[in-house]
Trainee: 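I am attaching a structure below and will ask some questions about it afterwards.
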Amino acid sequence: MRLLFLFVVKNHNNTYNDSPLNRVSEIKDLGIIYTSSLSFRPHIYCITYKALRLLGFLSRHSKHFNSPPCLIALYSFLIRSILDYDSII
């Protein structure tokens, strides 16, 4: 026995105050990037890029720091805060 499912895509023309609303493939809301397929891949790429960029900045400008607690504090304030923001959703 074989089941066949047909999906019909309907184009709804949504309006607001008699002006048409455009469809978008992704939107950023409260710092989280949502896609139309509900994939978090673009959000993860954006957060990873931002954290790696700051990690490079931190490694270039803290070569002469001798205090591990200072480096840990800088890492926590600059990089970990980006990675932890909205990590539980």
Trainee: State, to 0.1 Å, how close S36 and V24 come at their nearest heavy-atom pair, and which atoms those are.
Mentor: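 Of all heavy-atom pairs spanning S36 and V24, the closest is CB-O, 4.5 Å.
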Trainee: Return the minimal non-hydrogen interatomic distance between Y85 and G31, and the atom names on each side.
Mentor: CE2-CA, 4.4 Å
Trainee: Please confirm whether the backbone N or O of D18 pairs with a side-chain atom of T15, one donor and one acceptor, at under 3.5 Å?
Mentor: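 Not confirmed, T15 side chain does not pair with D18 backbone.
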Trainee: Could you walk me through whether I27 and I33 pass the side chain to side chain contact (heavy atoms under 4.5 Å, CB included) test, one step at a time?
Mentor: CA-CA 6 Å; I27 189 168; I33 300 173; over 6 Å; no
Trainee: To the nearest 0.5 angstrom, please state how far the SG atom of C46 sits from the CZ atom of R41.
Mentor: 15.0 Å
Trainee: Could you tell me the separation between the CG atom of L74 and the CG atom of L54, rounded to the nearest 0.5 Å?
Mentor: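 These two atoms lie 11.0 Å from each other.
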Trainee: Apply side chain to side chain contact (heavy atoms under 4.5 Å, CB included) to I47 and list each qualifying residue two or more places apart in sequence or on a separate chain.
Mentor: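 I47 satisfies side chain to side chain contact (heavy atoms under 4.5 Å, CB included) with H43, I82, L83 once adjacent residues are dropped.
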Trainee: Working to the nearest 0.5 Å, report the span between CG of L58 and CZ of F65.
Mentor: 8.0 Å
Trainee: Can you tell me how far apart CD1 (I79) and CG (L52) are? Round to the nearest 0.5 Å.
Mentor: 8.5 Å
Trainee: For I32 versus F40, what's the shortest heavy-atom pair and its separation?
Mentor: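 Distance-wise, the nearest heavy atoms are CG2-CE2, 4.0 Å.
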Trainee: Do you know the tightest heavy-atom contact between S39 and T35?
Mentor: N-OG1, 2.9 Å
Trainee: Which residues pass the side chain to side chain contact (heavy atoms under 4.5 Å, CB included) test with I72, sequence neighbours left out?
Mentor: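 Applying side chain to side chain contact (heavy atoms under 4.5 Å, CB included) to I72 gives S76.
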Trainee: Between R60 (side chain) and G56 (backbone), is there a donor-acceptor pair under 3.5 Å?
Mentor: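 Indeed, once roles are kept as given, a pair shorter than 3.5 Å links the two residues.
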Trainee: Decide yes or no for R80 and Y75: does some side-chain heavy atom of the first lie under 4.5 Å from some side-chain heavy atom of the second?
Mentor: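 R80 reaches Y75 side chain to side chain.
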Trainee: Report yes if some heavy atom in the side chain of R53 is under 4.5 Å from a heavy atom in the side chain of Y49; otherwise report no.
Mentor: yes
